Amino acid sequence: MENLTWTGSLGTILYPTLLAAAGLFAIAVVLQILTSLVVEPYRAQTLPDGRLSRRGGAIGLIERAPQYLLWALILVVLGYLVGGVVAPYGKAGIVGAISKQLTPVWIALVLTYAASIRYKRRLGLYGKLFDSTVGMIGFGIVMFWVYTAFFSSVGGMIATHDPLSQVSGLKNKLPGTAVPNATDFAMGAHYLLGGDNLARDVFSRMVLGSWEVVKIAPLATMFAFMVGITLGVPAGYYGGKLDTVLSFLANLILAFPVILLFYLLVTPEIVLTGIPSYMAAVLFLFPVLFATVFLNARFRTDPMKRNVILGVVVGAMVWAYLSLISQPGTVMNFLPAALDLFNIPPGILVVFVSVVFVNSPTVFRIVRGLTLDLSTRDYVAAAQTRGEGPWYIMLWEILPNARGPLIVDFCLRIGYTTILLGTLGFFGLGLPPESPDWGSTINEGRKLLSIYPHPALPPALALLSLVLGLNLLADGLREESLRD
Amino acid sequence: MGLFVLRRFGVMILTALCLTFVVFVLTNLEPNLEKLAKTQGNARMSDEQVETWLSNRGYHRPVAVKYGEWLGVLPGYVIEGTDGETRGRCLRGGVDPADAARFCGILQGDWGFSTVFKEDVWKIVLTRLGQTAKLMGWVMAVMVPSSLIIGVLAGMREGSKLDRSLSTVSIVTTATPEYVSGVIFITVFASSAVGLKWFNGSATSAMEDITFLNFTLPVMTVALYGMGYIARMTRASMTEVMTAQYIRTARLKGVSFRNIVLKHALRNALIAPLTTQLISDIGYVFLNPRIRIS
Amino acid sequence: MTEDTPILDIDRLSISFFTRLREIPAVMDFSAKIMPGEALGLVGESGCGKSTVALGVMQDLGVNGRIVGGSIKFKGRDLCTMSAEELRDVRGSEIAMIYQEPMASLNPAMKIGRQLMEVPMIHEGIGEKEAYARALEVVTDVKLPDPERILKSYPHQLSGGQQQRIVIAMALMSKPALLILDEPTTALDVTVEAAVVQLVKDLGKKYGTSMLFISHNLGLVLETCDRICVMYSGEAVERGSIEDVFDKMRHPYTQALFRSIPLPGADKNARPLVAIPGNFPLPHERPNGCNFGPRCDYFEAGRCDQGVIAMSLIEGDDRHQTRCLRYEEIDWDAKIEAGETKAKAAVGEVVLKMDNLKKYYEVSANALFGGGHTKVVKANETLSFEARESETLAIVGESGCGKSTFAKVLMGLETATDGKILLDNREIQGTAINDRDTGTVADIQMVFQNPFDTLNPSMTVGRQIIRALEIFGIGKSDAERKARMLELLDLVKLPRAFAERMPRQLSGGQKQRVGIARAFAGGARIVVADEPVSALDVSVQAAVTDLLMEIQRKEKTTLLFISHDLSIVRYLSDRVMVMYLGHVVEIGTTDQVFSPPYHPYTEALLSAVPIADTKVEKKHIVLEGDIPSAMNPPPGCPFQTRCRWKSKVAGGLCEREVPPLLTLAEGHEIKCHLAEAELRGMEPVITIAAE
């Protein structure tokens, strides 16, 4: 088995094109920006046939060139990816082989986009996302990682090797190195992105690392939102002492250097005292509280109905809550095993708690600000004048109207949580050291970075792209929700 | 105004007190003390020995009292230990108990003695603070002007190509935490295998002697992450100002675009990012531990 | 340039806005001419494109707007083909513009003087000294006190009226040939508005400036302009001289507009207003042919809905044109078909009684920095009145007069400081809303001012009404409540299908109807209507007002109608209470209040309200200065700082003592120090010339 080159035979045609397009594009963009600073903006006139006049001459060309070059660039990249899927294994080099491995992701992405664009007018804010280029790009990147995480961990596809298995002789080997004794053309014939300093496959570790993020970040962000909302809405609505105290606490947590907080929470000595477990017990209580108050406010006028609904929903939530906080081997272990629905590895729980704890004050501040603004509206006054209780006004009149900014912030915050998880991994806190999560992998690769950059670079770029995708998605959502 | 500043100052002190207290409590938890005893005394101490070791050194008293002593509002402890030796908070370095000061907390300038670095904490803090200040001074000097310029240029014509390009740059930087940009920078600029080999990737040498070569990368890394945030904030503020009525008034007065931006928009647009963000940012930058590359 | 070339000549102008989905035509086939020294009024409802015309003239349509046809010639030069540089030279020096929000039009971070001096410095290249002298002169011209201090201050240090005067001064700095005013007084109080309008008129004459005056208020246009152009849904439908259009209108829309506004002759029982049926068409849903066709009484199928309808010149009048095919056939002088004359409902028992109600607030003098000494704001001072069943009591006053505070205390959102509120002889002044029983809460309900804010945007219309029913404990089951909700929709004349709609799918008038339905859900006996129609368009106002009246007659409701619009108050109320800075200065039946003797403030208020009727003659009383802040009221009589009768009271009594309530006739009380003889000797402010 031969080692793979980066682009194989595809590169002979596409590589020069790529270089040329990228170079020209960069020049064109700079040129265009420079001219826009000097030349007055063009005032388009309507021509008699209804079309708009365009600026001609050199300046007109400069204004339009980047657009064409960008399209050329996209086409070349697509050529690499499609070529890799279509061409036989090995012919299209490392890029092609990776693209082939990712085939299920491509299919899922194409299906998602086709369906969404087809029905976008019926899908509300999600559908409107497909009107904004930025939003579409962001959504694409995010979904790429979600699908990758899902297919690689649950589906067992994509990854070429076990993330923990070591193959002797591949320690710190460069990308595209063939695995000795592997059968020809089979899965796992190469270390596509090389091997790390324990001779494990970098590509597989990066792909599986995405699952670590996808399974923790959104859920942790959601809990942070629950906490932030349950405290932020009353703080904004009532104001006064409650607001002062809660705001002070929020600022206090925000004043903590994140790393110091993590060190304090995650060190084994503190885990032993049970502080993270107690914090989990408090933080996870918020969703239950929220649901109870939320439903009670709505169905207060009809006690029969309320009791039934509350009984079912809150009952289920309380059970889930109890199973969540009750862990064998920690200070909180009171539920008999038969009733305990699930157990979470203690490391993950600690990480989860610290991330929720760090995120919720910011959510609190945003929610509080939104509430302050919305509570001056007439419909709030109307609810007050018909004698509604404060919780109904807060949760049914104010909160639903704050959803736009909250959804946007949710996306941003998942990105921030991803960065936090990376930080935790980077400092070797919480997650087990052999875990393939991106932060830990970057940390490991960092040690020999000057000599062997290839083990650290892929997870770094992966993390960068996911967070970038989430930021772009948030930008798209913000833009679209402000329209109309 | 004076009152306002005073209140702010009060809140700040209160925050600092709460912060230090929480850290103090957490580090004084039982398992941490046990670890301390074992690292300081003898790793193979029995539980009983640990107990006596700790109580001889005054660790087994209420946390509030210990915190008070550390602050310097309560008199330092003097304990005649079970081993016959008299130890006290203010008795370090063989001072006679009779001459020793009663209070010796941070208020009295006694920041304690680091058992790890074998040096006074005050000195450690001072040198660390000096290094941090140097790094952060450069970071601020790079980050603030460049991010404000990017934000203003992007925000002055919303939706223009310039705006799109600069917004992309600032979004990318906000998506790049220090440990990612560090990896990328080292690979590109400092790696001995590939890349340009312009700079020195290790900042440890910068501790003693700061040069352009070894200091550029750390500054860039730290500055980049914060830059995106400030730039995006400035841009948001600038676009909002540019759609304000008074900008339209200025335009309809016949003011040129240049002067609209420079005379009318700039001051209003910079109020928000400068007052709210920068102040908290300075705090952020200083509190965040320095990210040393390699 | 001779006297004959128009200053502004707009010829067949069309402007469109482009969205991702479609092109939205905002202005179509619009022509207008303004001669030197002439003032043209541009009138229409919101969304008719009148502001777009102004921005088109300024060539400032934003990224999405574009001129798609026609030309705009300013002194013979086409503005559309000018380069950006040429445009800059024209803007500010030759054409100046003033618009709605004075606070927003001034740069908050720049001193007033700088902002003013900038104009001549850019356009005439003069030095700072000269520019400063010019600024001082113009600020003196707009009658601002202490001009030098004003030039040194920042915008937020001035009151709303002063800011608008500065904006006017800024527009006049370079002595422009054309001044465009886009709703310049909408954000101001009536008495302040009157003063600003007077100023604009005087200065226009002094500087010889031509004006394009954009407004939704026909009365204002009558007072300021020589010619008028009425717009409807992007088109000019009628234009001509003020006299022609006001007295001999030749377009059905103009006619309908005049019939829907409460002029002094209208009466809610004998001669009700005629609302224009239907809704304003959305820009992309305009009908074929005449845009007004679907709402027009004279619509003729097969003729009015075909092709493009052009403007036609009316013979004999001065440049009077109409966009109506049938203008020659219609009998324009026919009397309004008298709708059924409704019998006035008998006024019943006293339901609500206020007795010396007082509401004081404590605010810290320096809110930002906290602490310090607190100040007492007297929002309501000794308020006493009675309201009976089926009666409409109007509460009139400008901003800061305490009418909203009064509503809050009545509703129980605040508790009274002193005095009594008696509902059916039960005291409720000290009970906050959450402690009131459901019956009391359901009895007193409120209709809010801003239709865009009154409904929760994320709940369906039906759900919001049902929630009110749930809270008031009406209906035993969900089905019963749903049925009741549909009945309520019927009551406010909305289709039942609206139950499933979200508020954003409704127009302003429809939202206000839902608000009314919600208020009546619990069978309210007292409804506080806080300026319920002031944010609506003229043609919709009449419909909503009529609806309120009709429900009132049916349900025998006591209506407390809070408003600053005296025309509508005169039209619908039985009794009127005039408030100023927390005090009731006059109370009486509508006739008593609207005819002499007046309280001096009532007199000024009546004179300030513009009336769109050429036959009405008004006495001009312009009040000096602004309304004092409620935080810092003047000593003695609250009105003494602006009163023109003050000199008639001996010994400076007005500055020392709050006047007592003087009973002039049965139920007519005035709070004034003037001798009774003086009061009785007052002349009426409004006289209607005999036909």
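Bear in mind that the values here come from a model prediction, so they are computed numbers and not experimental data.
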Fill in: Residue selection (most heavy-atom pairs with chain B, distance under 4.5 Å) from C:Arg88, C:Glu85, C:Met58
C:Arg88
Worksheet entry | Option in C:Asp60, C:Val119, C:Leu106 with maximal non-hydrogen atom pairs under 4.5 Å from chain B | C:Asp60
Discussion item. With rounding to the nearest 0.5 angstrom, report the OH to CE distance, B:Tyr246 to C:Met110.
Written reply: 11.0 Å
Worksheet item: Under 4.5 Å, heavy atom to heavy atom, which residues of residues 248-256 of chain B contact chain C?
Response: B:Arg248, B:Thr249, B:Arg251, B:Leu252, B:Lys253, B:Gly254, B:Val255, B:Ser256
Item to complete: Check whether C:Met103 gets within reach of chain B through its side chain, its backbone, both or neither, counting any heavy atom under 4.5 Å.
Response: neither
Worksheet item: In terms of heavy-atom proximity below 4.5 Å to chain B, should C:Ile180 be classed as side chain, backbone, both, or neither?
Response: neither
Worksheet entry | Any B:Lys263 side-chain heavy atom under 4.5 Å of C:Glu118 side chain | yes
Discussion item. Quick check against the 3.5 Å criterion: does C:Asn107 have a side-chain atom that pairs as donor or acceptor with the backbone of B:His264?
Written reply: yes
Discussion item. Check this for me: B:Glu240, atom CD, are more than 12 non-hydrogen atoms of other residues, nucleotides or ligands nearer than 6.0 Å?
Written reply: no
Worksheet item: Among residues 120-140 of chain C, which ones touch chain B with a heavy-atom distance under 4.5 Å?
Response: C:Ile122, C:His123
